[in-house]
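Single-structure report; data block below.
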There are 2 protein chains.
Amino acid sequence: MKAKITLKDIARELEVSISTVSKALKNSEEISRDTKEKVQAFAKLYNYKPNNIAISLKNKRTKNIGVVIPDIVHHFFTTVIRGIEKYANARGYNVIVCLSEESFDKEVINMEMLANGSIDGFIMSLSSQTQEKGDYNHLKEVTEQGIPVVLFDRITHEVDCDKVIIDDELGAYQATKKFIEQGKKKIALITTDDYLSVSQARTKGYRKALEESSIGIDESMILKLPSMEMDEKAIKTFLNSKEPDAVLCVNEIFAVYSMRLVQEKGLRIPEDISFIGFTDGVLSKYANPSLTVVAQHGEKMGEVSAKMLIDKVESEAEEETYQTKILEPTLVIRDSIAH
Amino acid sequence: MKAKITLKDIARELEVSISTVSKALKNSEEISRDTKEKVQAFAKLYNYKPNNIAISLKNKRTKNIGVVIPDIVHHFFTTVIRGIEKYANARGYNVIVCLSEESFDKEVINMEMLANGSIDGFIMSLSSQTQEKGDYNHLKEVTEQGIPVVLFDRITHEVDCDKVIIDDELGAYQATKKFIEQGKKKIALITTDDYLSVSQARTKGYRKALEESSIGIDESMILKLPSMEMDEKAIKTFLNSKEPDAVLCVNEIFAVYSMRLVQEKGLRIPEDISFIGFTDGVLSKYANPSLTVVAQHGEKMGEVSAKMLIDKVESEAEEETYQTKILEPTLVIRDSIAH
DNA sequence: TATTAACACGAAACCGTTTTCGTAATATAT
DNA sequence: ATATATTACGAAAACGGTTTCGTGTTAATA
């Protein structure tokens, strides 16, 4: 086992000072040709690499960014992480991932753990419990300490920081409109409780489209599930009693499961009933029939978030100016609707 | 913006030395009751938290573990990360995730980036390019430096380190045997090239089951795709020409897509043709019919890997003894086979 | 009263870098 | 020959902690 070599080791071997070694390795003009060559050769030979921790301590920059998300076993968050990771890596940053598992307490603990020097900034999406509780003090504390934060997807307006969201309202609006254009009359919505910022926005878009049409809103055509967890029974009862001819779902799973249910009843998709979901994941693509979805462009979102964060981290200026980027969703047409 | 407070700040305010503050906060017996109370109260008031980086530098422990995986938009890896994250977090560690994206170079760069003090150990799964190339020098260098490594799922025997795998051979063997017991005669295998350690093991299990039976092996019933990427055309051609009555696939996607193909041809699943895949993901559960799979217990795998790594990191002893844990797969019976 | 022990604290080294500043030795200008 | 500039390097502080060891003050013991 050959342990890592340090500047001190090189200095001792070559009988020069640590400062000289440090400067020589940085090709400083201050050091003579001879010495530089000697030091560099030695360093290369023993594969010297500066210690990241020491450098972090010195310049108070870790080149790490903390990502706190509710769940990782979820296609959307996964793609966001990928986007963040790719972009951050290209700029020399590493990504520390923490999972809140939809728990307020875990979110707080994770942030506290990272906020003590481990990272240069946060990218995060709020846990459902946090949104339900409406308590954002952990975020405020962090921003007050001067640590930059970028909130994505599940955001709150109560914290001053950069934000990246997709226009969920627009996505739902477009999807609902599509149904209307195709002559659907009984358009249902399967969503979750309103405390989730995204569900709220999607419901708004759905309502807007219906209000603008001659159909109007029938509150009983909206099923609000308590969380993103599947509730098979509730969906079954709902679909059987309301018999919609089109269903908009706030995620893939609700949609794919619903499709199964109506298929078992002998309905044809999309002739008798059409479906649109949110999240362009593997499920939509390989479902039978394939599912039309409002694509959220997670990877792009991650990329944009990472760029915003790193730009802020690296900007000297202490501008207290925050922006919210709104990404446009796209309707990915597949076989669950007519086309 | 209230910046973080340091020991020095407290010492200055309270007119004591830094050492006294440090000891007081650790409740050292050396410090008087009075002083301790004073210091602790002050620290609490100003919300003092020690700087992680400084501590890392001092005791040469970062409490970070590096996870290097080929891809994150993949259910299996995602569950492994979750397992790692949960376990590591419970023991006070953070997880730095790096993606090799199946590239050898990225794998090397990522490891080098992390190996210079950023982490206490690695948990990784090899990129396909690394396995294809058979070059493991980056792993050897790291282990020689005394950094513990745990390899999971996609491993190599050429590196001395701890390993965690599931018994892929057994999984494939059991699945194939299931087909045989159910009277299937034309049992196909859709896999990828052998350089992937897992594909190789699965193919071996498939062969073993057939060899033990009266059916024997028909090489033409094995489709080897060049990578984990979907190749719709190749699968279509294969299924049409070979007309199997049972298909074992090395992942979910191949299986679900294959099911679609035969359904379009009017075949009934599982009566005319049965399917079993690997990976118990969201796709299998919500496919139509739902897919029987060999579950790989990714979360368990992550947990076990994390435990092995952290135990090694925290053990003083420099034992040069490595173990390989083999987890048992489970067959999750769903509607794509008779039952 | 002299000696010793216990107590409470501070100085300083250390972890591995970077960077400022001071200075001896040499080179150039006057 | 003297003053000044340049070159090439080292000492030391700093980042924010932990920890060892030394020491002045008081209290207990002989």
Side-chain angles (χ1 to χ4, degrees), chain A residues 3-40 42-43 46-64 113-120 145-147, chain B residues 3-40 42-43 46-64 113-120 145-147:
Chain A
K4 280 259 153 195
I5 194 176
T6 69
L7 286 187
K8 196 195 251 183
D9 298 326
I10 303 182
R12 187 175 2 84
E13 285 316 299
L14 264 36
E15 298 184 302
V16 291
S17 77
I18 294 179
S19 357
T20 302
V21 177
S22 177
K23 289 169 193 163
L25 290 175
K26 297 196 120 59
N27 241 314
S28 160
E29 288 307 320
E30 229 180 301
I31 305 298
S32 73
R33 229 187 156 54
D34 271 15
T35 311
K36 278 198 278 194
E37 278 171 7
K38 201 173 56 175
V39 171
Q40 288 172 4
F42 190 92
Y46 286 94
N47 192 31
Y48 169 79
K49 293 279 162 51
N51 181 306
N52 290 333
I53 300 292
I55 293 179
S56 292
L57 182 59
K58 186 89 239 284
N59 37 225
K60 298 170 151 240
R61 284 277 164 82
T62 61
K63 289 247 168 188
N64 286 155
M113 235 179 130
L114 295 180
N116 301 126
S118 299
I119 49 103
D120 295 339
Q145 274 171 37
I147 303 178
Chain B
K4 281 259 151 196
I5 193 175
T6 70
L7 287 188
K8 197 195 252 183
D9 299 327
I10 303 182
R12 186 175 3 85
E13 283 318 299
L14 263 37
E15 298 184 302
V16 291
S17 76
I18 293 179
S19 359
T20 302
V21 177
S22 176
K23 289 170 193 164
L25 290 174
K26 297 194 120 57
N27 241 314
S28 159
E29 287 307 320
E30 232 180 301
I31 306 298
S32 74
R33 227 185 158 58
D34 271 16
T35 312
K36 278 198 279 194
E37 278 171 8
K38 201 174 53 176
V39 172
Q40 288 171 5
F42 190 92
Y46 287 93
N47 192 30
Y48 168 79
K49 293 279 162 53
N51 180 306
N52 290 334
I53 300 291
I55 292 179
S56 292
L57 183 59
K58 185 88 240 276
N59 36 224
K60 299 170 149 236
R61 284 277 165 81
T62 61
K63 289 247 169 190
N64 285 157
M113 235 180 131
L114 296 179
N116 300 312
S118 299
I119 49 101
D120 295 340
Q145 274 173 36
I147 303 178

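Order of the sequence lines fixes the chain letters, A, B, ..., with proteins taken first and strands second; residue numbering starts at 1 for each chain.
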With a 4.5 Å cut-off on side-chain heavy atoms, are A:Gln40 and A:Asn27 touching? yes

Rounded distance in Å - CG (A:Leu25) to P (D:dA8): 17 Å

Would a 4.5 Å heavy-atom cut-off, applied to side chains only, mark A:Asn51 and A:Thr6 as touching? no

Over all strands shown, is A:Lys60 touching base, sugar-phosphate only, or nothing at heavy-atom distances under 4.0 angstrom? sugar-phosphate

Nearest-Å distance for atom pair CD1/C1', residues A:Ile18 and D:dC9: 14 Å

Rounded distance (Å) that lies between atom C1' of D:dC15 and atom CG of A:Asn51: 13 Å

What is the separation between atom CD1 on B:Ile53 and atom C1' on D:dA14, rounded to the nearest whole Å? 16 Å

What are the bounds, 5' to 3', of the part of DNA chain C that sits under 4.0 Å from heavy atoms of chain B? C:dA8 to C:dG16

Are side-chain heavy atoms of B:Asn47 and B:Lys49 found at a separation under 4.5 Å? yes

Tell me the interatomic distance from A:Glu30, atom CD, to D:dA11, atom C1', rounded to whole angstroms. 13 Å

Within residues 3-17 of chain A, which residues have any heavy atom lying less than 4.0 Å from an atom of DNA chain D? A:Val16, A:Ser17

Taking all atoms of both residues into account, what is the closest heavy-atom pair of B:Ile53 and A:Ser56, and its distance? CG2-CB, 3.9 Å

Looking for any heavy atom pair under 4.0 Å, which part of the strands does A:Ser32 touch: base, sugar-phosphate only, or nothing? sugar-phosphate

OP1 or OP2 of D:dC9 less than 4.0 angstrom from a side-chain nitrogen or oxygen of A:Thr35, does that happen here? yes

Hey, which of these two, B:Ile31 or A:Leu57, hits DNA chain C nearer its 5' end, going by closest nucleotide? B:Ile31

Mind checking whether B:Val39 and B:Leu14 have side chains closer than 4.5 Å, heavy atoms only? yes

Any side-chain heavy atom of A:Ile147 within less than 4.5 Å of one from A:Ile119? yes

Specify the residue among B:Lys23 and B:Ile55 whose closest nucleotide of DNA chain D lies further upstream toward the 5′ end. B:Ile55

Mind listing the side-chain donor-acceptor pairs of residues 18-26 of chain A below 3.5 Å, one per line with the distance, residues two or more places apart or on another chain?
unit_1: A:Ser19; atom_1: OG; unit_2: A:Ser17; atom_2: OG; d: 3.3
unit_1: A:Thr20; atom_1: OG1; unit_2: A:Ser17; atom_2: OG; d: 2.9
unit_1: A:Lys23; atom_1: NZ; unit_2: A:Glu30; atom_2: OE2; d: 3.4

So, is B:Lys58 close to the D:dG16 phosphate, meaning a side-chain N or O under 4.0 Å from OP1 or OP2? no

5' priority, DNA chain C, between B:Glu29 and A:Ser19 [closest heavy atom]: B:Glu29

For the atom pair CD1 (B:Ile55) and OG (A:Ser118), what is the distance rounded to the nearest 0.5 Å? 9.5 Å

Heavy-atom check, side chain of B:Lys4 versus side chain of A:Asn116, under 4.5 Å: yes

